[in-house]
2 protein chains.
Amino acid sequence: MAETEYDPLALDNQLCFSLYAASRALTGLYRELLGDLGLTYPQYLVMLALWEHGTLSVKGLSRVLHLDSGTLSPLLRRLETAGAITRTRSAADERVVEIGLTGHGAAMRERALGIPGQLVCAAEIPAGDARELISVLDGITRSVERAAARRACGAQG
Amino acid sequence: MAETEYDPLALDNQLCFSLYAASRALTGLYRELLGDLGLTYPQYLVMLALWEHGTLSVKGLSRVLHLDSGTLSPLLRRLETAGAITRTRSAADERVVEIGLTGHGAAMRERALGIPGQLVCAAEIPAGDARELISVLDGITRSVERAAARRACGAQG
DNA sequence: CAGGGTTCAATTGTCCACAACAAGATTGAG
DNA sequence: CTCAATCTTGTTGTGGACAATTGAACCCTG
């Protein structure tokens with residue numbers, strides 16, 4: 001009954017819960033900032049990837065964003081309906097669908113430039129910490145995905 | 001076109017994306033670990049809260065987990081159907097629904113005790129970093145939610 | 001060229017997340 | 001007491017996420 005007793009199941013001690021809560025809180029903040037652009041946060045991520053790389057296959061987007069086709073397919077259809085992207089089946093390989101920007105989609109980048117600044121400000125993120133935090137989080141993502149790949153591999157062999 | 005040019009919209013520079021990806025990766029890891037218990041990750045969070053506090057109203061769960069009733073209501077119905085929790089309308093105040101554990105739900109705690117260890121191991125999370133990471137993330141969540149509350153308040157007045 | 005294995009995108013089904021709204025219960029001002 | 005704000009929970013609608021499956025296209029080997 002010591003007040004310092006450590007409960008491994010205590011919510012307050014769980015890194016994953018903190019991550020989960022912080023991720024949803026920031027996504028909620030993006031929801032407001034992206035309202036003007038008519039984008040949801042995952043849609044915004046797709047636009048970021050396209051602004052950066054120009055054109056990507058669904059597979060390429062999947063790799064960059066760590067999202068699978070079950071998530072991307074309907075999301076991309078909505079972006080196409082909204083006039084932000086184009087979907088064209090590749091001539092070289094008819095299996096792949098190339099995702100590109102429309103003029104409207106490309107123009108949205110200008111309006112998005114201010115968003116990261118607004119966000120960092122609203123979330124009061126310590127400027128120096130951001131870089132380090134990103135590298136720690138990316139390290140966790142890599143570890144987890146490697147572990148998952150190993151298990152998938154081991155299950156086969 | 002210096003190689004060090006800083007693009008504020010580059011995916012790699014975005015804390016929120018790292019957070020989002022890490023959160024989903026860890027949730028996926030939990031998906032495997034929780035398979036035996038028949039719980040999803042959000043359901044597991046509800047169980048954690050109940051194991052810790054014994055009994056909570058829907059409102060209490062909402063406050064602890066930062067989830068709203070639109071998420072909790074169907075989730076709690078599924079947990080009730082699975083025989084893990086009970087839902088009883090409070091006699092003192094008929095508006096509130098008290099969520100409690102069944103014998104089965106309480107017994108699941110034993111089987112959950114090993115999960116945090118397995119997770120930290122699989123994710124290769126540096127033990128020392130976890131504490132600090134949690135506090136940074138919780139700080140972000142608080143900042144964002146305070147900012148949201150201020151805006152809601154300002155919009156009213 | 002034929003057939004088997006692989007890759008890619010899309011679909012289906014289940015569950016989560018949240019805004020907006022609905023409805024009953026409670027509380028408080030008069 | 002009465003009626004209007006408030007509180008609590010629930011529902012509906014939209015959009016994510018992901019496992020599992022499907023089906024077309026590709027590639028390779030014989």
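Throughout, a chain's letter reflects where its sequence line sits, starting with A, and its residues are numbered from 1. The figures that follow rest on heavy atoms only: side chains count, while hydrogens, waters and symmetry mates do not. Please read these numbers as outputs of a predicted model, since none were measured by experiment.
- S73(A) contributes no side-chain N or O that forms a donor-acceptor pair with the base of dA9(C) under 3.5 Å.
- Residue T27(B) is classed as having no contact, given no heavy-atom separation below 4.0 Å to the nucleic acid.
- In this model, no side-chain donor or acceptor of T40(A) finds a partner on the base of dG15(D) within 3.5 Å.
- By the neighbour-count criterion of 12 heavy atoms within 6.0 Å, atom CZ of R87(B) is densely surrounded, having more than that number from other residues, nucleotides or ligands.
- Between the side chain of R95(B) and the base of dC7(D), at least one donor-acceptor pair of N or O atoms lies under 3.5 Å.
- Counting any heavy atom pair closer than 4.0 Å across all strands shown, D93(A) reaches sugar-phosphate atoms only and no base atom.
- The side chain of R87(A) sits closest to dA10(C) out of dA25(D), dA10(C), dA17(D).
- Between dT11(C) and R77(A), a contact under 4.0 Å exists linking OP1 or OP2 to a side-chain N or O.
- Using a 4.0 Å heavy-atom criterion, one finds that T71(A) contacts the bases of the nucleic acid, with or without backbone contacts as well.
- Crowding of E132(B) atom CD: a count of heavy atoms from other residues, nucleotides or ligands under 6.0 Å not exceeding 12.
- Counting non-hydrogen atoms under 4.0 angstrom, L72(B) reaches nothing in the nucleic acid.
- For dA17(D), one of the phosphate oxygens OP1 or OP2 lies less than 4.0 angstrom from a side-chain nitrogen or oxygen of Y20(B).
- A donor-acceptor pair is defined here as one N or O able to donate and one able to accept, closer than 3.5 Å; such a pair exists between the side chain of W51(B) and the backbone of G105(B).
- For R31(A), no side-chain nitrogen or oxygen approaches OP1 or OP2 of dG16(D) to under 4.0 Å.
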